Amino acid sequence: MILATALRGGAAGIFLLTALLLILGDGRPTKIMWLVIAFHVSVLAHIVDHSVAWRVQIAAQRHDVVWFLAILAPPLLWAMLLNMFDDAKSHFWFRLVPAVFLSVASLISELLSSDYHWVRWLIYNAIPMALMAHVLWVMGNGIGDDLLESRRRMRFPVIVAAAIYVFWLTLDDRGAPEGLTTFSVIQAAILVALSLGNALLFVGAGPLVWVKDATPKSEHLVPKPAEVDPLDKLLAARLTRAMDQDEVWKQEGISIAVLARMLDVPEYRLRRLINERLGHRNFADFINSCRVTAAKAVLSNPEFATKAVSELAWELGFASLGPFNRAFKDNTGLSPTAWRLKHLADS
């Protein structure tokens with residue numbers, strides 16, 4: 001028990017120190033940075049709430065606060081990882097809805113009788129696990145398209161760490177079998193490893209370097225000659241030809257690996273060019289920007305006024321109408337049909 005408590009104390013100290021370093025770091029904390037800090041506070045609360053040696057020393061009123069902060073760890077982790085690794089244009093505050101919902105639902109559940117134990121299971125187990133499964137799928141699914149090299153390298157380690165964290169939460173919520181101190185020590189050791197990995201991620205690797213705003217998107221592939229490597233200049237010319245003349249973006253399911261083979265260049269150089277010179281954070285966004293540009297030209301042309309939007313989506317390389325509508329609205333703020341009506345009326 002003493003060793004497990006000491007390990008938990010060390011892990012709590014590392015989480016606390018990491019949060020303080022983020023608060024005191026250079027520059028004014030961003031919204032995402034505050035979200036990261038809130039997650040650290042919630043993890044600290046969870047450690048205290050699940051530590052018998054510490055919990056008995058907390059007054060009843062204060063324990064309610066600690067318990068409330070502790071239940072926010074999974075939804076805050078979900079929101080934090082989505083904001084860091086998912087480039088979908090979802091509003092920052094919208095991603096906090098699960099945290100708000102779980103906080104309100106948990107307070108209500110405490111007022112219910114024991115007959116509603118399934119409600120507590122849903123709130124404290126099923127929903128958090130579903131959130132974690134979703135964010136792990138999003139992070140894994142985006143590895144191939146990610147154009148931010150520092151962020152792409154971090155995806156797999158973070159996926160592993162998040163999965164271990166979910167495993168630790170499950171163990172911690174069940175508690176150690178009576179008299180089995182080894183179990184508590186293993187739980188605490190896992191927590192220490194997670195705290196060290198977390199500190200390395202947010203402090204050692206440069207806090208949130210991969211969530212800074214991307215370079216403004218540009219239609220120009222080649223900047224001033226003095227700013228570009230000769231090989232990048234050659235690659236930019238090949239990419240321009242592939243996009244503008246060959247229209248390779250029309251191929252359904254095209255990936256950056258396929259495009260790199262077409263251009264006969266290393267994949268990392270192509271990633272760097274599209275990200276640093278064009279300002280795209282992921283490959284799907286780059287391809288969709290080409291498709292939407294072509295779609296706007298067709299939709300605003302009176303000669304194609306009767307062309308079905310679904311037919312156009314298929315011709316541009318989209319597998320179905322849904323992804324086309326989402327990509328078009330993300331780019332223009334309007335649906336394809338609304339864009340067509342507006343521009344045909346103006347003409």
Side-chain angles (χ1 to χ4, degrees), residues 82 85-92 94-95 138 141-148 213-223 235-263 265 267 270-347:
L82 279 185
F85 291 97
D86 183 26
D87 295 322
K89 294 184 179 180
S90 179
H91 198 282
F92 175 85
F94 176 78
R95 287 172 170 165
V138 169
N141 192 53
I143 290 178
D145 280 347
D146 201 340
L147 298 177
L148 297 174
D213 292 336
T215 307
K217 296 175 184 177
S218 171
E219 297 179 357
H220 302 289
L221 284 171
V222 185
L235 173 56
R238 291 181 185 175
L239 183 58
T240 299
R241 184 168 58 253
M243 294 293 110
D244 295 347
Q245 298 179 20
D246 301 336
E247 297 183 334
V248 298
W249 44 265
K250 285 187 175 180
Q251 298 181 24
E252 182 181 337
I254 187 171
S255 66
I256 192 165
V258 171
L259 182 57
R261 287 196 295 270
M262 288 180 179
L263 301 179
V265 296
E267 188 176 319
L270 183 58
R271 289 182 185 275
R272 186 179 64 187
L273 179 75
I274 298 174
N275 172 238
E276 295 181 0
R277 302 302 177 186
L278 299 180
H280 292 277
R281 295 168 64 89
N282 65 77
F283 185 70
D285 178 58
F286 169 61
I287 292 297
N288 285 343
S289 69
C290 297
R291 292 171 173 171
V292 170
T293 298
K296 289 191 290 187
V298 174
L299 292 171
S300 59
N301 190 334
E303 294 183 12
F304 301 103
T306 59
K307 190 181 188 68
V309 173
S310 57
E311 181 184 354
L312 176 62
W314 182 81
E315 289 179 354
L316 295 176
F318 288 96
S320 62
L321 183 58
F324 173 55
N325 284 335
R326 286 192 295 272
F328 195 93
K329 192 166 185 178
D330 284 345
N331 187 280
T332 65
L334 297 172
S335 68
T337 302
W339 171 276
R340 166 182 275 170
L341 292 174
K342 180 178 181 298
H343 286 77
L344 290 182
D346 292 342
S347 62

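Start at 1 with the first residue, then count along the sequence. Predicted model, so just to flag it, every value in this text is computed and none were measured.
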Atom pair [atom1] ([X]) and [atom2] ([Y]), whose distance is rounded to the nearest 0.5 Å:
X      : Y      : atom1 : atom2 : result
Thr240 : Asp246 : OG1   : CG    : 11.0 Å
Met262 : Leu270 : CE    : CG    : 11.5 Å
Asp145 : Leu148 : CG    : CG    : 12.0 Å
Glu252 : Leu316 : CD    : CG    : 12.0 Å
Asp86  : Arg281 : CG    : CZ    : 10.0 Å
Ile287 : Ile274 : CD1   : CD1   : 7.0 Å

Side-chain contact test, heavy atoms from C-beta onward, threshold under 4.5 Å: evaluate it for [X] versus [Y] and give yes or no.
X      : Y      : answer
Ile256 : Arg271 : yes
Leu259 : Leu239 : yes
Asp285 : Asp87  : no
Arg340 : Thr337 : no

Which pair of heavy atoms, one from [X] and one from [Y], lies closest together, and at what distance?
X      : Y      : result
Thr293 : Ser289 : OG1-O, 2.8 Å
Leu344 : Ala305 : CD1-CB, 3.9 Å
Arg291 : Gly317 : NH2-O, 3.4 Å
Ala313 : Ser320 : CB-O, 4.3 Å
Cys290 : Met243 : SG-SD, 3.8 Å

Inset, instruction - Kindly say whether His280 contributes a backbone atom to a donor-acceptor pair with the side chain of Asn275 at under 3.5 angstrom? - result: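 Looks like yes, one N/O pair under 3.5 Å.
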Legend entry - Option passing side chain to side chain contact (heavy atoms under 4.5 Å, CB included) with Asn288 (candidates Phe328, Phe318, Phe283, Trp249):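 Only one option passes, and that is Phe318.
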Legend entry - Lys296 atom NZ, neighbour heavy-atom count above 12 within 6.0 Å: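 More than 12 within 6.0 Å, yes.
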Inset, instruction - Enumerate the residue pairs fulfilling salt bridge (charged side-chain N to carboxylate O under 4.0 Å, His left out) with a member in residues 298-323, sequence neighbours excluded, ordered by first and then second residue. - result: Lys307-Glu311, Lys307-Glu315
